[in-house]
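Numbered from 1 within each chain, the chains take letters A, B, ... in sequence-line order. Computation of the quantities below employed the complete heavy-atom set of this structure, encompassing side-chain atoms and omitting hydrogens, waters and symmetry-equivalent molecules.
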2 protein chains.
Amino acid sequence: MMNLKHKRCTLNDIAELSGVSKTTVSMVLNGRADEFRIKAETRQKILSIAQQHHYRANIYAKALQAQRTNTIGLVIPDFSNFGFAQTSKILERLCRNNGLQLIISCSDEQPQQEAKAIENLLERQIDLLITTPTQQSKRCYPHLDTLPSLQLDRVIKDADHVPYVITDDQSAVAEMVSGMIEKHQLSEFHYLGGLLQLTPSEARLQGFKCGLQQAGLPLQADWIHHRDYRAESGYIMMQQLLQHAGRLPQAIFVASYGLLVGVLRFLNEHQLLNQLSSRQLHLATFDDYELLNCLPFNINSIRQNHEQIANQLFASILNLLDKKPSENKIIPAELCWRDQ
Amino acid sequence: MMNLKHKRCTLNDIAELSGVSKTTVSMVLNGRADEFRIKAETRQKILSIAQQHHYRANIYAKALQAQRTNTIGLVIPDFSNFGFAQTSKILERLCRNNGLQLIISCSDEQPQQEAKAIENLLERQIDLLITTPTQQSKRCYPHLDTLPSLQLDRVIKDADHVPYVITDDQSAVAEMVSGMIEKHQLSEFHYLGGLLQLTPSEARLQGFKCGLQQAGLPLQADWIHHRDYRAESGYIMMQQLLQHAGRLPQAIFVASYGLLVGVLRFLNEHQLLNQLSSRQLHLATFDDYELLNCLPFNINSIRQNHEQIANQLFASILNLLDKKPSENKIIPAELCWRDQ
DNA sequence: TTGTAAGCGTTATCAG
DNA sequence: CTGATAACGCTTACAA
């Protein structure tokens, strides 16, 4: 099945064809000919025969004997989420160019699917596992004790000894919120957030509070709204906000793009988008999309640095595979101001 | 390295612990106890010991001896592209739930990266390879002759014997274009497309032409504009279109979301979005995004059925792995009308 | 009902 | 400079 059409050729085949032993072929093909002082002639013959026959080493045999698979697992919530897709893509390229295979799975935010995906990867003897956990407890992730591990974007509270790479959500949100308050002399600022048990949600809310404080605007309890991250929730929170207050607020910070979509759909359906154009309502969101540059109103956004996240992740991978310790990385985000 | 903390336990370990042979353990753990009439008692003992020690079979050893890896490769241009991400995600779940491992790589539309990714997957002895090829010639894809293969979204012209799964772009575009012409009594319709050598581009353009014909609107040569699929190109084509005509046309079909972003950015920067709201300009695009429901103007779109694409892909995978032939699948798309 | 042994393709060790 | 041989963990004839 590995090869249906004509049986794949092995080290042994090459050895027989070249009239030397497996050992010799192995040395040559692994670039260790010098080390073992293989005759130039033998070297050439082996190389050319291997080439002719499209010899490809069997990594399964290699892994078996080396007790190392050079494979690492990545379990993210969803790769149709642009941010995760971006990070995965860059990381995959980095890995591939360095002889590592990245295997990506989706949890779909469902603990059960996540568990299956992890179990599956463990069966494949991965050398290291990167997760964006959906659960808050270390108990759900037994691999943390037995396998080199990294956390991406989210950190399990009782597992902060497992190194992580995250965005500095808090600073970015604080800076954006205080900036907007000052620029527009706001006396009011609402916040729509996602699942509070996730560390980024917490950091964003914390950032929001800091932002108010920095700008000297006292927080009011009914400014803060929380549900999950689905667009539907953005719609509902917006609806409730309006019902309660009887009018649109001066400004809203939306904690994710998913929520923003819901908010905009609500505003659109209720003919309120013009409040944005006329700057009666100021909007900012976490995460940045190109389409935000194409709208007839201005929405500030916070752009995560996926390139750097992937790079740091990769650096940590190399460290861990090398049995060196790896430090936590907190990557700054970039503010995209659009409300000139 | 496979396991840093405490050596992973093997079939042998379980055998010794249970006081039986590897063979017996293997049979029991593979659910073939009945077949070999293993004593219930022995069965129980083995099962419980394996459980206690979290025994996980080494798939590398298994693959080596079975000559089959149960792994399939998928090389797509970019998984930060929503459509591909969606399809991959569904396909990955399907595979995982059926004992297959899907390994996803990105070509980034670059033949060189694509070649590397494919070579890499071949080294991993994948049982089957799915590609969305960046090149037009069979010669660039030698694996097509040696490995069960599938094509997704794009078809290599001289390799149409390799089964494929694609969207019925042509019918969808034709229906949308003719529909808009009739609904709005259009006497003019421009088309902005991407790289013509790709089969979907060709199909979309073909669909556009059919749509005009169906609606009885004679095509004019300068209605058709082509570059690549980047947003930047949408911007530039829009700019040129305006320069040539000196005014906005009545309607434009944009062949991808990427291009649409460029078009919208151009319109926004030139304060022309109001032409959309006032229905002086009608816009339609290939691919559908939730944000299109959140805009103060209506853009028709064509939604590909990623669920069905993934399902058909999976069905074809099973067929091929089973050495059965696999048919080509052309999946209908859904029209999202917004211009009521 | 269970055990023995060979073999999958590789690399490392050690001996020539 | 090169070759035997064992070992990695698993399955499967074949034996008992």
Query raised in the report: Is the distance from OP1 or OP2 of D:dT11 to the nearest side-chain N or O of B:Q67 less than 4.0 Å?
Result: no
Report task. Using distance alone, with no hydrogens and no angle criterion, decide if A:N70 and A:Q101 have a side-chain donor and acceptor under 3.5 Å apart. Result -> no
Report task. Could you tell me whether the phosphate oxygens of C:dA12, OP1 or OP2, come under 4.0 Å of any side-chain nitrogen or oxygen in A:R32? Result -> yes
Query raised in the report: Who are the ring-ring contact (aromatic ring centres under 6.0 Å, His included) partners of A:F82, not counting sequence neighbours?
Result: A:Y289
**Report entry** Audit row: B:I130, B:I317, side-chain contact (heavy atoms from CB on, under 4.5 Å) steps and yes/no
**Finding:** CA-CA 9 Å; B:I130 308 171; B:I317 290 172; 3.8 Å; yes
Requested in this report: Could you say whether B:Q65 or B:I38 is positioned toward the 5' end of DNA chain C, judged by the nucleotide with the nearest heavy atom to each?
Outcome: B:I38
Query raised in the report: Where the side chain of B:T42 is concerned, which of C:dT2, D:dT11, D:dG9 is the nearest nucleotide?
Result: C:dT2
Requested in this report: Would you kindly say whether A:S80 and B:Q86 are connected by a side-chain donor-acceptor distance under 3.5 Å?
Outcome: yes
Query raised in the report: With a 3.5 Å cut-off and no angle check, do the side chains of A:E114 and A:Y141 form a donor-acceptor pair?
Result: yes
Query raised in the report: Which residue, B:T23 or B:A61, contacts DNA chain D at a nucleotide closer to its 5' end, judged by nearest heavy atom?
Result: B:A61
Requested in this report: Send over the distance from B:N12 CG to D:dT11 P, rounded to a whole Å.
Outcome: 12 Å
Query raised in the report: Taking atom P of D:dG9 as reference, at what distance in whole Å does atom NE2 of B:H53 sit?
Result: 16 Å
Requested in this report: For the helix from C:dT1-D:dA16 to C:dG16-D:dC1, measure the angle between the helix axis at one end and the axis at the other, each built from five pairs, rounding to 10°.
Outcome: 50°
Query raised in the report: What nucleotide, of D:dC10, C:dT1, D:dG9, holds the atom closest to the side chain of B:K39?
Result: C:dT1
Query raised in the report: Are OP1 or OP2 of D:dT11 and a side-chain N or O of B:Y60 less than 4.0 angstrom apart?
Result: no
Query raised in the report: A:R68 CZ to D:dG9 C1': how many Å, rounded?
Result: 19 Å
Query - Residue pair A:S105 / B:E92, side-chain donor-acceptor N/O under 3.5 Å - result: yes
Query raised in the report: Does B:S21 or A:N30 map to a spot on DNA chain C nearer the 5' end, using the closest nucleotide for each?
Result: B:S21
**Report entry** Flag, side chain of A:T87 to backbone of A:G83, donor-acceptor distance under 3.5 Å
**Finding:** yes
**Report entry** Candidate nucleotides D:dT2, C:dG9, D:dT11, ranked by approach to the side chain of A:L64 - the nearest
**Finding:** C:dG9
Query raised in the report: Rounded to the Å, how far apart are B:E35 CD and C:dT1 P?
Result: 14 Å
Report task. Report yes or no: is there a donor-acceptor pair, N or O only, under 3.5 Å between the side chain of A:K22 and the base of C:dT10? Result -> yes
Query - A:K62 NZ - C:dC8 P separation (whole Å) - result: 19 Å
Report task. Give a yes-or-no answer on whether the side chains of A:E109 and A:T134 include a donor-acceptor pair shorter than 3.5 Å. Result -> no
Query raised in the report: Rounded to the Å, how far apart are A:F36 CZ and C:dT11 P?
Result: 11 Å
Query raised in the report: For A:L11 and D:dT5, what is the distance between atoms CG and P respectively, to the nearest whole Å?
Result: 17 Å
Query raised in the report: At under 4.0 Å, does any side-chain N or O of A:N58 touch on OP1 or OP2 of C:dC8?
Result: no
Query - For atom CD1 of A:I59 and atom C1' of C:dC8, their distance in whole Å - result: 14 Å
